[in-house]
Structures are given as structure tokens and as C-alpha cells.
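In what follows, a single structure is set out as C-alpha cells and then discussed.
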Amino acid sequence: MNFYIVYILVAVGLFAFAGLFALFGVYAERKVSAFIQDRLGPTETGKFGLLQTLADALKLLQKESIIPAAADKVLFVLAPIIIFVSVYMGFACLPWAPEVIPSDTNLGLYYVFAILAIETLGILMAGWGSNNKYSILGAMRSAAQIISYEIPAGFAIIAVVMVSQTLDLQQIAIQQGTLSAEKVKFLGVWDVTHIGGLLSWNVFKAPHLIVAFVIYFIASLAESNRAPFDIPEAESELVAGFHTEFTGMKFAFVFLAEYSMMFLVSMIAVVLFLGAWNSPLPNIGSVKLADWTTGLVWGIAWTFIKTLLLVGVQMWIRWTLPRLRVDQLMNLCWKVLTPLAFLCMVISGVWRLWVM
Amino acid sequence: MTNTYKAFVTAIKGLGLTLRHLFTGNSERKVQPVQAPNYFKELEIGTNTIQYPKQKLPIPEVGRYQLDVVIDDCIVCDLCAKICPVDCIDITSIKATQSYGQTSDGSKKMLYAEKFDIDMAKCLYCGLCTVVCPTECITMTNEYDRSVYQLGDLTYSFSDMSPELVAEKKAEYEQAQAQKLAAKQAAMKAKEGGATS
């Protein structure tokens, strides 16, 4: 019986976290964009405009929920729920700290990747259900983009899985620090099992994983429909893409999903490549920095810091690079990222066999 | 391949540029007039936002914004109304029986301004009226922030005559005219009488 209470608490906690992060994310996004463009951003609501997104959320709550007369009502209403739930479920098996993981399954990575793909279905439903040609165009673009970019992202992930020999996200996390049971070698030569820190992260375990990380990061931008890959939304060409017709809370859920997705893909990147909850500080002789900064609270803090840094990079990229055209998008995906990711995967196999 | 390489290099350059600007947000904009030295260079340094009602950009003392009339200096010559390309100035006058005063530059005032309305909603800010005014009583001020709730509030009335005064002056003028007419008729009669007798 107690299990169920814990389960529900965890679920509610994750939902609350997603909501809070969306509030913070939108505020941060507006501030970052403002500073990049030499503006100020929100300043009026609360100190430094801190309450601005809360006020926006309250406003969204009061908005009328409109369903267009010609819309396919069932799909239209279900779409934002599916979009959000698919992302929200992805949080279920991400490790936060040693022994802190909502659901410790040995197929974690596979599950996350599978459930994230369902978001496309939600977007297609939204586009089709809206009965609006701009929405359906946005939805089709989204489908094309996500399906394409899942391939390089998948190969990049397989490169990591081949090196770490497991799909369990917690196992992958453990292997990147001082708690590792097996030998960790920096660039395949220097044994850093008891030194840990930055040196034992996956990106430094094998040099080709840095390339895999970059590929995964670019692909993850596309999968969360973030600029420069935001052609599904394309507010200048498609009004607002697949969510043109959504109002009030339905729109809020689509938005919530976008920001949760940003956090989720960044967190996966952190777990797979950047040492998850492991400390970046190495042990130096008797100064056991890595051992001192590994633990429950430290773990959660490291996860947060690393993930938020990546989210920051996503925002930075969004306000720097222009939106890609569809053909450029497909070019980049199929002619550059996919072969490179494939190469990474092959090198991973060789690495595992002969170097590690 | 070269394309991809170029794309990466330019992307990194762009990211560097935005990163530099990301940290300008902490220095607030110095509000200074356009005439200030290095005005446009200063814009590169901090944020560019002017928090409008709180901060205002200084503008020259003689701006070309709202029209203003010093009615005591006006001789109601109607030149401004005539030259106005959009007919936003509406003047009606009453003749005075004799000069009732002087403007600050010494012109005699022979007409009362019964109505001197300027419809700023129509005004195109060309400034022609200020150029033709012989006494320089109509000018443009540097007040640029004028928003009203009713369109009618944009019609400025500069005439300071009360309805009673208008009626009085009208009556005075008519009386004078009538007197003149009577005098004229009397003179005519006298002339006619003189001629016949």
C-alpha cells in the first residue's frame, strides 16, 4: 500500500517540477533573449520581473477554452495532453542522484527514447485536429523533422551504450565516477577509476564521444522543436504552426511540454555524456574532492547545474542562429549528422573491443 | 563538406557575438540627447531600452510637436488658417470698433478672436502656420507626449473670450455699424436734401 503513496508522490513531484521549471524556463528565456538583444526583458511584475511568468500562467488559466467549430474535437482536445504526458513520462527513469531514480528499470534509455517519440503523434493530432492548413503543415514538418533526427540521435546514443554496455541510465551514471565497479580509463589510456571527476565522464572516456555528444545535442534541439530547428512552429511563415488554434490551458500544456522537453533532453545528455550526478571535481592525491562531492544532495545539485547549463546553451543558440529551411534541415540530418553518428558507433565498437 | 565546415565556423562566430551581448544587460542605458558626443557609440555598450514613462529622451527646446498660440499676441489675421494644408485651424473673428490693444511686437489688434481652434488630430506638423504668423504668436512646443481619451480633446481652443463677451462685442460692432449706417444715411439725406433744396 505504501508503494502506491510513494508512486503518487513521485508523480506529483515530477509534475510540480515540470510546472515550476516551465515558469523558470520562460522567465529565463525572456531575460536571456532580452540581454542578447540589448533589451531589459520583463521588469515590472515583481523584483526584476520575477513574477511575470506566474502572472502569465494565471492569465492563461482565465482564458476561454475555444474549440474551433470544424475541428476534430476528440483529437483536438487529446493532443495537448498526449504531447505533455509523453514528455512527462520520460522523466520517470532519469537518475537524479546515487540511488535516487523514480523508476530504476534496466531498459531506461530505450524507454525514454520510445516515449519521447510519442510526442510526434500528439503534434500530428494537434495539427490534424485543428482543421487548419497551417497547423497541418506545421505538424507534418514536425513529423518529418523528429523522425529524421531520431536517427543521428539514436546512433549517438548507441555509441554510448556500446561503450557502457547497458541501457540502464543509473548504471551509465555510476560508471562515470568514483563509484564505478569497472575500470574507467581517461581516453582509454590513463586509469582514473579512483580519481573520478571530470576525467571519468563519458565524453572523456573516448574522444569520439565528444563528437557523439555534439551530434546528440544538435539532434535533441531538433527533437524538442527548438530554434534553429523550430520549423514546426515557424511563427513567421505558419502563424504559430501546429498550436495556432489552441487557447488557454491547452496552449499552456503545449508550452509546458516544450520546456519540459528542453530539460529532459538536456538531462539525458548530462546522464549519457557529462557524468550524470557525478562531481566534476577529481580526487587529487589526499584531497578527495570527488569523494567529498558525491552524495544525495550533491548529486541532485550537480544534475541541476549541468542540466541548466545545457538548457542555457539551448536558449543561447535559439537567440543566435536563424531558423533552417526544410531542405537545409534534411541535408544536415542525412548528409552530415547521420554518417558522423554512424562512424561514432563503429568507433565505439572498436573502442570497446580493443581499447577498454 | 566545406559548406558544413563553414556553417560550423559561422555559427560559432555568431554564438560568440551573442555571448558578448548577453553580459551587457547589467549596465543601464544613460539617457542623453542625440546631440551628445558618441551618442551612437554609447548605444553599443549597455542595454538600449528606455523605460519610457520613467525615463525620457531629452529633445531640443524648440521641437516641432504640439501647436501653441499666445492669444494675447494674436491679431487674428487668419494667415495661419489660410496656409494650413489640411485646414485644421478654424478661426472666426469679430471686428472691433477701434484698436483695443497692442501685441508684444507693437502690432495693433483690430479683431477679436471669437474662435481659435486647432484640431491636432488633423495637424500634419508641417509648421507652415508658425512661419507665416506675422506676430509669431503661433509656435510649436517640445511637448510630444499628448494622448487623450476622447478625439474631441485633441481640438485645442485658444480663444479666451466668454460667450457673454462675444455677444457684447458683436452687439458693439453691430451698433457701431448701425450708427455708421445711420450717419451715412443722414449724410446722404442731407446731401440729397441739399441737392434738391
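Chain identifiers are assigned alphabetically (A, B, ...) following the order of the sequence lines, protein sequences preceding nucleic acid strands; residue numbering begins at 1 within each chain. From a predicted model like this one, the values you see are computed outputs, not experimental measurements.
Annotation for B:Tyr144: atom OH counts as buried by contact number, over 12 foreign heavy atoms lying within 6.0 Å. For A:Met330, the CE atom counts as densely surrounded, since its 6.0 Å shell holds more than 12 non-hydrogen atoms of other residues, nucleotides or ligands. With a 6.0 Å radius and a threshold of 12 heavy atoms from other residues, nucleotides or ligands, B:Gln55 has its CD atom above the threshold. Within a 6.0 Å radius of OH in B:Tyr5, no more than 12 heavy atoms belonging to other residues, nucleotides or ligands are found. No more than 12 heavy-atom neighbours from other residues, nucleotides or ligands sit within 6.0 angstrom of CZ on B:Phe8. The neighbour count for A:Phe342 CZ, taken as heavy atoms of other residues, nucleotides or ligands under 6.0 Å away, does not exceed 12. Surrounding CG of B:Leu151 are at most 12 heavy atoms belonging to other residues, nucleotides or ligands under 6.0 Å away.
Residue contact with chain B, scored on non-hydrogen atoms closer than 4.5 Å, involves the side chain of A:Leu321 exclusively. Proximity to chain A involves both the backbone and the side chain of B:Leu19, based on heavy atoms less than 4.5 angstrom apart. Using a 4.5 Å cut-off between heavy atoms, A:Leu324 does not touch chain B at all. No part of B:Lys13 comes within reach of chain A, as not one of its non-hydrogen atoms sits under 4.5 angstrom from that chain. When heavy atoms are compared at a cutoff of 4.5 Å, A:Gln37 does not approach chain B at all.
Between chain B and the residues A:Val32, A:Thr320, A:Thr43, the largest count of heavy-atom pairs under 4.5 Å involves A:Thr320.
With contacts defined as side-chain heavy-atom distances shorter than 4.5 Å, the pair A:Trp316/B:Leu22 does not qualify.
Going from atom NE2 of B:His21 over to atom CD1 of A:Ile36 covers 10.0 Å, rounded to the nearest 0.5 Å. The CG atom of B:Asn3 sits 11.5 Å away from atom CG of A:Leu332, with the distance rounded to the nearest 0.5 Å.
For A:Arg39 against B:Thr49, the heavy-atom pair with the smallest separation is CA-OG1, 3.3 Å.
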